[in-house]
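Input: a single structure, listed below in structure tokens.
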Amino acid sequence: LLHANTQSPALHNKSCTDVICCVLFMAAIVGYMTIGVLAWLFGDPRHVFFSRNSTGMFCGAGVNINEPNVFYIDILKCDTETNEMATTLKGHQCPTTQVCVKECPSEFWKLPPEAYASDALPKDFFQQKYCDPSLDLVHTTLVVLHPSVLKQTDPDSLVSGLNSKSVGVRVFEDFATSWYWILIGLLAAMIISVVFMLLMRYWVSLLVWLLIVGVLAVGAYGIYHCYWEYNNYRHSKLTLGDLGFNSKFSVYLQVKETWLAFLVILCLVELVLLLLLKSLGNKISNALALLEESSRAVSYVMSTLAYPLVTFILLVVCVCYWGVTSLFLATSGAPVYRAISLNSSIANCHSITGLENCLPQTFNALAYSTCPTVHCVFFKYDDEGFFQRNAAYLQIFNVLAFLWCVNFIIALGQCTLASTFATFYWAFSKPDNIPPYPLLQAFIWTLRYHVGSMAFGAVILTLFEFPRIFLEYLDHKFRDCQNSCCRFVKMSLKCCFWFLNKFLKFVNRNTYIMIAVYGDSFCVSAKNAYMLLMRNIGRVVILNNVTNMLLFFGKLLVAGSVGILATAFFSGHITLPDATFQAELLHYYWVPIIMVAVGAYLIAQGFFSVYSMCIDTLFLCFLDDLERNNGTTQRPYYMSRSLMRILHQTNRPSIFIV
């Protein structure tokens, strides 16, 4: 028995792998942190979160802390197509006075005829809070240079337009009303996921066959229902051609051709499923045995179910750092102000071209006595400094480093879980030979020896993901391009990079498993994993597809069950006795339902990802076990007795597997 244990690949000598890539990754991390520090020093995110008034002060911060909104005196001057000065400013700023106000006007207002009288006082017709702070209405004489002709506008419609809530605001209010119950729904999804995985530990075969029979039964009922509906409408003379295009889908359900199409599709799907079941035969038994072994492994190391939380926290930190760095880089330049005339129709103001820089805090309008409407307004952010001139390149590096870190975190999770489950498989006597705290040991071992290999695999994915992001950017930039050749090239490139990304993820996943088992470098592990899979391509295709399908149905079961309960609750069909929640308070009851359903699927994805990694690891170990060992005393099998029984293999009588 002791001699047999020495044959375990997991006991090979450990050494650091892909050291050069490890050094490059550490250098990239140091550079990434340096850029973050520089962005923090030069950037000012207040430019994004707060608006500025005409004096350059932030609205909602500093002295204007209680005045978060910006009021434009003449919003029509912001139109770059009709206003020459707005065109000069290139849309960066609107050439009209902007004032910080506590709340925007809620009613239609215009000057009455009395305001144009020679003895009119400004304080009787204007409100100080909507005027430039430098203007004192009490000690100011009203001078009307050019009485404007106001368009006839219905005040009631304007007020209702100002007071109407956008869809986004209503959605946010629904979230604020139901967030507590959304969390309860997500907690229920977590409990259901754990219960489902515990059930798979003892009744995986029963659950799988119930799932298969359930899918076939649902398909059979669908065929029956479609035939029944078709039979009801078979004498109808209404056809799809008579309807044309209609936004209401229920209209098409009144046509026999629709139900005939559904009937044919369901019959074909049911036939394909039955043929698949017949052709798979014993392969399903092999997949069930692998699922049972995976359930056993997870039950022995239950801490692996919590590891997705570690990955999630690391990803959140990475995303937050990328977002903050991007924000500070985008606002790294100091604001530039230009002296412009807010009324270019005045003859003496034609000389004010809007090209002269100024500072709002020290701007002296009296220096432009011939043009009383000149103001110092924001133009753009300074892009002349070295840091600002290279901000675009720094943003590109920010994206690349972010993708590299994200892929590394995912690789760390996969390699850690693979090492944990490989320790389980190659333990000759389970669970006696499983070391204590296998997950923690695997995590430390992975960080100690294989940072370079994980960084190598992560950078390969990054180099192929960045072109996909760039293609999406070009697609958004040239979305108005309707040229068929352009669309063909664009879609072809997207499909190629999507397929390549999927292939690389598949290769990397199996490579990390081989790294966890043997401790080789990335390239050696990738070659060994590829050759091992190719030598067993038949088993790989069938078992992978069967297990992936079963796990997908399990995720749908969790998300669907929670989604049905959420629909019944948030639509008001299920009410609480103490009326702690009322569905009538929601604007859109589908908002919390979608949040709960999507969140439940993501939670199930987190739990089942552990299960999926366990299956893939045990499968590769199983294939390698078959090739390396023959069941003799010198080379015994490490697989469980259930797997040996299905494959008609056995160890010698002196060797027993627990």
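- The backbone N or O of Phe488 sits less than 3.5 Å from a side-chain atom of Ser492, completing a donor-acceptor pair.
- Surrounding CE of Met26 are more than 12 heavy atoms belonging to other residues, nucleotides or ligands, all under 6.0 Å away.
- Between Ile192 and Ser561 the shortest heavy-atom distance is CD1-OG, 3.9 Å.
- Using cut-offs of 30° and 60° for the angle between ring planes, the Trp445 and His450 rings count as perpendicular.
- Heavy atoms only, all atoms of each residue included: Ala422 and Val517 are closest at CB-CG2, 3.8 Å.
- Nearest heavy-atom pair, Ile515 versus Ser453, reported as atom, atom and distance to 0.1 Å: CD1-CB, 3.6 Å.
- For the atom pair CE (Met190) and CG (Leu305), the distance works out to 11.0 Å, reported to the nearest 0.5 Å.
- Two residues are said to be in side-chain contact when any heavy atoms from C-beta on lie closer than 4.5 Å; Asp625 and Trp426 meet this criterion.
- Residues Pro435 and Gln441 share a closest heavy-atom pair of CB-OE1, 3.9 Å.
- Sorted by first and then second residue, the ring pair (Phe, Tyr, Trp, His ring centres under 6.0 Å) pairs with a member in residues 397-425 read Phe25-Trp404, Phe25-Phe408, Tyr300-Phe424, Trp322-Phe402; sequence neighbours excluded.
- Under the side chain to side chain contact (heavy atoms under 4.5 Å, CB included) criterion, Asp520 pairs with Tyr518, Val524, Ser525, Asn528, not counting sequence neighbours.
- Listed for the Asn508 side chain is a donor-acceptor partner under 3.5 Å among the backbone atoms of Gly457.
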Check against side chain to side chain contact (heavy atoms under 4.5 Å, CB included), Tyr307 and Thr416
CA-CA 9 Å; Tyr307 189 84; Thr416 300; 3.8 Å; yes
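- Between the side chain of Ser609 and the main chain of Gly606, a donor-acceptor pair closer than 3.5 Å is present.
- Here the CE atom belonging to Met33 is positioned 12.0 Å from the CG atom belonging to Leu38, to the nearest 0.5 angstrom.
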Evaluate the criterion side-chain hydrogen bond (donor to acceptor under 3.5 Å, both in side chains) for residue pair Ser326 and Asn398; output intermediate values, then yes/no.
CA-CA 7 Å; Ser326 299; Asn398 183 30; 2.7 Å; yes
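- Side-chain contact annotation: Arg509 with Thr617, donor-acceptor N/O pair under 3.5 Å absent.
- Counting heavy atoms from C-beta outward, Gln414 and Met613 have side chains that approach closer than 4.5 Å.
- Under the 30°/60° scheme for interplanar angles, the aromatic rings of Tyr321 and Tyr32 are found to stand perpendicular.
- When atom types are taken as modelled, the side chain of Glu465 and the backbone of Leu403 share no donor-acceptor pair closer than 3.5 angstrom.
- More than 12 heavy atoms of other residues, nucleotides or ligands sit less than 6.0 Å from atom CG of Leu268.
- Here the side chain of Asp18 pairs a donor or acceptor atom with the backbone of Phe522 at under 3.5 angstrom.
- Within a 6.0 Å radius of NZ in Lys527, other residues, nucleotides and ligands contribute 12 heavy atoms or fewer.
- Here SG of Cys415 is found 9.5 Å from CD1 of Ile513. Values are rounded to the nearest 0.5 Å.
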